[in-house]
Amino acid sequence: MELSTRFNPADVEDKWYSHWESKGYFHSEPDDREAYSIVIPPPNVTGVLHMGHMLNNTIQDILIRKARIEGKNTCWVPGTDHASIATEAKVVRMLREKGIKKSDLTREKFLEYAWEWKEKYGGIILQQLRKLGASCDWERTSFTMDEVRSDGVLKVFVDLYNSGKLYRGLRMVNWDPEAKTVLSNEEVLHNDENAKLYYVKYMIEGSDEFLTVATKRPETIMGDTAVAVNPKDERYKHLEGKRAIVPLINRSVPIIQDDYVDVEFGTGALKVTPAHDPNDYDIGQRHNLEVIATINEDGRLNEKAQIHVGEDRFEARKTVTNDLEEAGLLVKVEEYVTSIVRSERTNSVVEPMLSLQWYVDMKKIVDPALENVLNNTVQFFPEKFKNTYRHWMENIRDWCISRQLWWGHRIPAWYYGEEVFVALTAEDALTQAQEKLNKPELTIDDLKQDEDVLDTWFSSWLWPITVFDGFNDPETLKYYYPTNVLVTGWDIIFLWVARMIMAGYEWENEKPFHHVYFTGMVRDKQRRKMSKSLGNSPDALELLEKFGADGVRFGMLSCSPAGGDLLFDEKLCDQGKNFCNKLWSALNLIKGWTVDDSLPIPAANQKAIEWFHSVKASTIDAVEKNFKEYRLSEALISLYSFAWNDYCSWFLEMMKPDYQKPIDPVSYQATVDFLSDICTLLHPFMPFVTEEIWHLLKERSEGEDCIVSQPPGTETSDEHLLAQFKLIKDITSNVRDIRNKNGLKKKELLDLMAVKSDETEALVSDKGLVDVLKKIAFVNSLDLSDTAPDGGIAFISGKSAFNVMVEVKVDAEAECAKLKADLEHQLKFVAGVEKKLANERFVNNAPEQVVQLEHKKLADGKARIEQIEARMAQICG
RNA sequence: GAGGGUAUAGCUCAGUUGGUUUAGAGCGCUUGCUUGACAGGCAAGAGGUCGGCAGUUCGAGUCUGCCUAUCCUCACCA
């Protein structure tokens with residue numbers, strides 16, 4: 001069969017993906033085998049595949065495919081989360097385009113639209129993951145709002161409430177005026193931005209005196225209920241007990257003294273707006289100040305502001321500033337860089353607001369989650385994230401879990417007046433109410449369910465439990481849980497990872513996963529985070545199209561140390577694509593050979609096969625070690641080098657029959673088997689090209705697929721043989737260099753002389769080795785001599801001197817200079833070793849092996865010096 | 001303000017409990033190679049006193065301290 005000269009991913013990817021799926025290789029049911037499970041970090045149901053997902057899911061797929069080849073019962077559970085804020089925003093926008101306002105809809109009707117939207121557009125990303133080759137157990141696809149997952153969420157809410165770990169409290173919250181919901185501390189971003197600091201005069205009541213306060217939010221002036229100064233501030237001592245007049249609205253407020261005020265900052269006088277600033281709120285609490293909320297949930301001023309009612313807070317900032325200026329109360333405006341808090345989702349500036357919300361009392365559930373990470377029961381890769389984790393966990397704050405949205409899990413709390421009843425169902429809540437209030441006549445209609453839904457993370461934190469229906473099916477859970485590893489970005493260590501660990505211990509008394517592999521963040525070459533607004537993120541699907549899934553997977557992996565930044569460059573995918581072609585052309589070569597069963601195996605090939613077994617063994621050893629440490633890019637690089645350098649560049653050159661000559665069956669079989677092994681070893685990283693080559697390489701029986709192939713057996717590598725080949729390869733490189741520099745063609749066979757030494761005698765006496773050397777270095781003969789022959793071109797390899805016997809003019813001066821430099825280097829080396837060996841403390845204290853090695857280094861170095869000096873005596877005057 | 005990471009070749013990074021012929025890879029760079037697998041390729045080569053200083057040790061890229069640079073997390077900021 002004729003093969004194209006290049007590997008074409010588009011021809012094979014869909015074919016193999018559906019083959020694997022139809023064979024049921026992705027699906028898992030509990031059985032006698034050891035389980036290997038991973039739960040996907042559920043992407044946002046509104047999401048589309050981006051670079052972060054590709055990295056993350058490539059890694060998960062590599063781990064799953066590796067475990068599958070090892071014969072484990074692998075289960076990678078896919079799914080999506082319902083992303084309250086993002087999805088609700090999408091649905092609202094979609095409705096607005098249809099001319100429907102959310103406020104005109106009932107909750108039920110809105111949810112109908114939302115589900116419709118979800119069914120239609122949600123989960124595109126799961127389809128896209130297939131293009132990447134993700135071998136998820138699609139039959140287990142989960143959604144945070146489907147029945148099983150929802151039941152779990154309600155159950156834990158009720159559990160936490162009943163055990164006193166959940167409460168409803170009035171607090172200053174992070175309000176997102178665009179999404180019109182509260183956010184948790186973990187969902188807001190602090191960033192330094194350019195702002196202005198406004199200096200405003202507040203007149204002292206009953207006098208012409210004034211004091212100046214500095215504020216960055218003049219639009220909140222109308223909510224001021226005090227002016228505060230530091231009690232130690234001499235400048236304001238005389239104002240104790242006096243009152244100030246709030247500009248524009250002329251409210252009289254007390255001048256209070258509070259340690260919070262920083263004498264150094266601004267004017268040392270602070271306007272206090274308890275309704276719109278967390279610190280001001282605290283001051284207000286201490287001094288019993290009135291709380292006047294002047295900003296609405298949509299960020300506009302309300303009637304309490306008295307002026308500019310209905311204006312947006314940023315518009316009001318301008319108009320109020322104008323008013324102040326006109327009134328002669330604006331002293332100055334300074335440029336000012338300050339940290340601004342924004343919503344992670346909508347990017348709108350967070351408005352601090354006083355609000356009644358539900359909180360999880362984190363201190364009551366944090367302990368086992370902290371302890372078991374610190375003692376490595378749950379192991380982090382890289383380990384440095386333990387520090388970050390500990391810091392956050394030790395300073396943990398309560399988790400605000402209610403959201404003022406409709407798309408999500410509605411809070412299972414029912415109110416009757418001031419009383420609250422938390423239960424799984426309205427009926428249970430009613431029973432509770434009837435008993436507690438001693439009012440058997442109450443009906444469901446008398447109770448009012450909380451209007452709010454729960455934070456999406458409040459369902460995600462149960463993911464490793466609920467995807468296995470763990471609260472109802474303990475048997476299945478026991479088989480897959482704890483899952484083996486969680487693969488996710490470090491940016492959600494608090495939002496998700498920490499909380500999953502807490503939930504695991506809280507409800508299962510067991511960790512959710514053994515290992516956490518934190519991926520790096522994908523950045524562009526300039527280290528900028530990839531983002532839509534910068535437009536520096538390549539389109540994932542286009543990338544897959546352009547380089548093939550294997551190429552992209554290679555590209556993502558080859559530059560991604562765990563936890564570090566990943567500087568993405570398309571060139572890396574290109575390298576992956578080229579690697580596919582390299583493997584493909586190796587297949588092409590082998591397929592072109594004809595086998596002659598009557599041929600015996602040549603000594604050289606016998607030797608080469610033995611050598612390659614050793615190389616393979618040491619490669620597998622390195623790869624296994626790297627997998628254990630999750631050094632996946634390292635593992636890939638060693639396989640890349642094994643396949644490209646060891647197999648293609650060296651082994652195939654050693655085995656290759658002469659042009660149009662047949663090959664013996666043993667050599668052929670070995671060559672095929674080694675490539676087959678390479679396919680198995682590389683399969684987790686590059687599943688498509690390896691499956692294709694695997695099948696083209698030789699006839700395979702039904703079900704004999706690379707995805708489930710046997711891992712190559714573990715052999716021990718022969719260090720002595722590896723060293724011998726290292727010498728052969730070095731001699732070959734030297735000969736090639738001499739050819740290069742002297743314009744000698746490859747076809748021109750050369751004669752090689754070696755000066756007699758242990759090393760060269762051992763080499764020459766091994767026919768197999770000599771034949772390998774002759775073949776790859778295009779050498780006609782290798783003979784020994786007692787001293788270096790006159791003429792020819794000399795080189796030193798290992799610790800021995802060689803001579804390529806050709807009639808060319810040698811540039812004696814250049815060679816002398818090179819020899820001299822070489823000699824200096826060797827003398828320095830030997831001197832260093834001698835010094836070490838002369839040190840009695842070294843000889844007495846260092847391990848025997850280390851001392852032995854130094855002796856060998858010394859002997860080898862001396863031998864090299866001898867050869868260099870001999871050559872110099874010959875050619876340097 | 002609290003905590004942490006990193007510093008090795010032009011670039012991006014490995015270097016595992018201190019000892020392996022006085023530092024490795026990929027990319028980039030230089031030179032040479034088109035008739036037999038592959039120019040998306042092959043071969044060869046150049047390039048680093050491991051951020052600085054001090055210390056521990058027989059021995060430090062590796063451990064400790066200090067300094068410098070840089071990045072990150074959390075909290076605060078009128």
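Residue numbers begin at 1 in each chain, while the letters A, B, ... track the order of the sequences.
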Whole Å only: how far is the [atom1] atom of [X] from the [atom2] atom of [N]?
| X | N | atom1 | atom2 | value |
| --- | --- | --- | --- | --- |
| A/Tyr640 | B/A14 | OH | P | 19 Å |
| A/Asp574 | B/C27 | CG | P | 11 Å |
| A/Phe380 | B/G4 | CZ | P | 17 Å |
| A/Glu653 | B/C42 | CD | P | 10 Å |
| A/Lys525 | B/G10 | NZ | P | 17 Å |

Extract from the structure each pairing of a protein N or O with an N or O of nucleotides 44-46 of chain B at less than 3.5 Å, listing the distance.
from  : atom 1 : to       : atom 2 : distance (Å)
B/A44 : OP1    : A/Ser733 : OG     : 2.9
B/A44 : O4'    : A/Asn740 : ND2    : 3.4
B/A44 : O2'    : A/Asp737 : OD1    : 2.6

Which value, in whole Å, describes the distance between the P atoms of nucleotides B/C72 and B/G61?
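Looking at atom P only, B/C72 and B/G61 are 30 Å apart.
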Write down the distance separating the P atoms in B/U16 and B/G48, rounded off to the nearest Å.
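So the two P atoms sit 23 Å from each other.
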Given the options A/Phe381, A/Phe380, A/Tyr389, A/Phe518 meets ring pair (Phe, Tyr, Trp, His ring centres under 6.0 Å) only with A/Phe380
Of the nucleotides [options], which has the atom closest to the [X] side chain?
| X | options | result |
| --- | --- | --- |
| A/Ile637 | B/C74, B/C38, B/A25 | B/A25 |
| A/Ala586 | B/C74, B/G5, B/A37 | B/A37 |
| A/Thr388 | B/U73, B/C13, B/A37 | B/U73 |

Whether [X] and [Y] hold their rings parallel, tilted or perpendicular, with breakpoints at 30° and 60°:
| X | Y | result |
| --- | --- | --- |
| A/Tyr640 | A/Phe554 | tilted |
| A/Tyr336 | A/Phe265 | perpendicular |
| A/Phe627 | A/Phe685 | tilted |

OP1 or OP2 of [N] under 4.0 Å from side-chain N/O of [X]:
| X | N | result |
| --- | --- | --- |
| A/Lys386 | B/G4 | no |
| A/Trp392 | B/A2 | no |
| A/Asn578 | B/G41 | yes |
| A/Arg527 | B/U70 | no |
| A/Ser649 | B/A43 | yes |

More than 12 heavy atoms of other residues, nucleotides or ligands under 6.0 Å from CD of A/Glu334: yes or no?
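Count over threshold, so yes.
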Pairing check on [N]: which nucleotide meets the Watson-Crick or G-U wobble criteria with it, both distances under 3.5 Å?
| N | value |
| --- | --- |
| B/G28 | none |
| B/U21 | none |
| B/C74 | B/G1 |
| B/U34 | none |
| B/A7 | B/U68 |
| B/A60 | none |

On RNA chain B, does the nearest nucleotide to A/Cys648 precede the nearest nucleotide to A/Lys577 from the 5' side, or the other way round? Give the residue.
A/Cys648
Verify whether one side chain among A/Asp730 and A/Ser797 offers a donor that lies under 3.5 Å from an acceptor in the other.
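There is such a pair (donor and acceptor under 3.5 Å, judged by atom type) between the side chains of A/Asp730 and A/Ser797.
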Check: A/Thr273/A/Asp277 side-chain N/O donor and acceptor closer than 3.5 Å:
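No pair is found: no donor N or O on one side chain lies under 3.5 Å from an acceptor on the other.
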Below 3.5 Å is the cut-off: list the nitrogen or oxygen pairs between protein and nucleotides 57-62 of chain B, distance only.
from  : atom 1 : to       : atom 2 : distance (Å)
B/C58 : O2'    : A/Asn839 : ND2    : 2.9

Among all residues two or more places apart in sequence or in another chain, which pass the side chain to side chain contact (heavy atoms under 4.5 Å, CB included) test with A/Leu589?
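A/Trp593, A/Leu652, A/Lys656.
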If you restrict it to nitrogen or oxygen atoms, what contacts under 3.5 Å exist between nucleotides 15-18 of chain B and the protein, and what is each distance?
from  : atom 1 : to       : atom 2 : distance (Å)
B/G15 : OP1    : A/Arg631 : NH1    : 2.9
B/G15 : OP1    : A/Arg631 : NH2    : 2.6

Quick check for you: to the nearest 0.5 Å, what is the distance between A/Ile678 atom CD1 and A/Met686 atom CE?
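The distance works out to 12.5 Å.
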Determine whether any donor atom in the side chain of A/Lys571 lies under 3.5 Å from an acceptor atom in the base of B/C27, or the reverse, and answer yes or no.
no
List every contact pair, protein side and nucleotides 21-24 of chain B side both N or O, where the distance is under 3.5 Å.
from  : atom 1 : to       : atom 2 : distance (Å)
B/U21 : O2     : A/Arg864 : NH2    : 3.0
B/U21 : N3     : A/Asp860 : OD2    : 2.7
B/U21 : O4     : A/Lys856 : NZ     : 3.0
B/U21 : O4     : A/Asp860 : OD2    : 2.2

Identify, with sequence neighbours excluded, every residue that meets salt bridge (Lys or Arg N to Asp or Glu O under 4.0 Å) alongside A/Asp574.
none
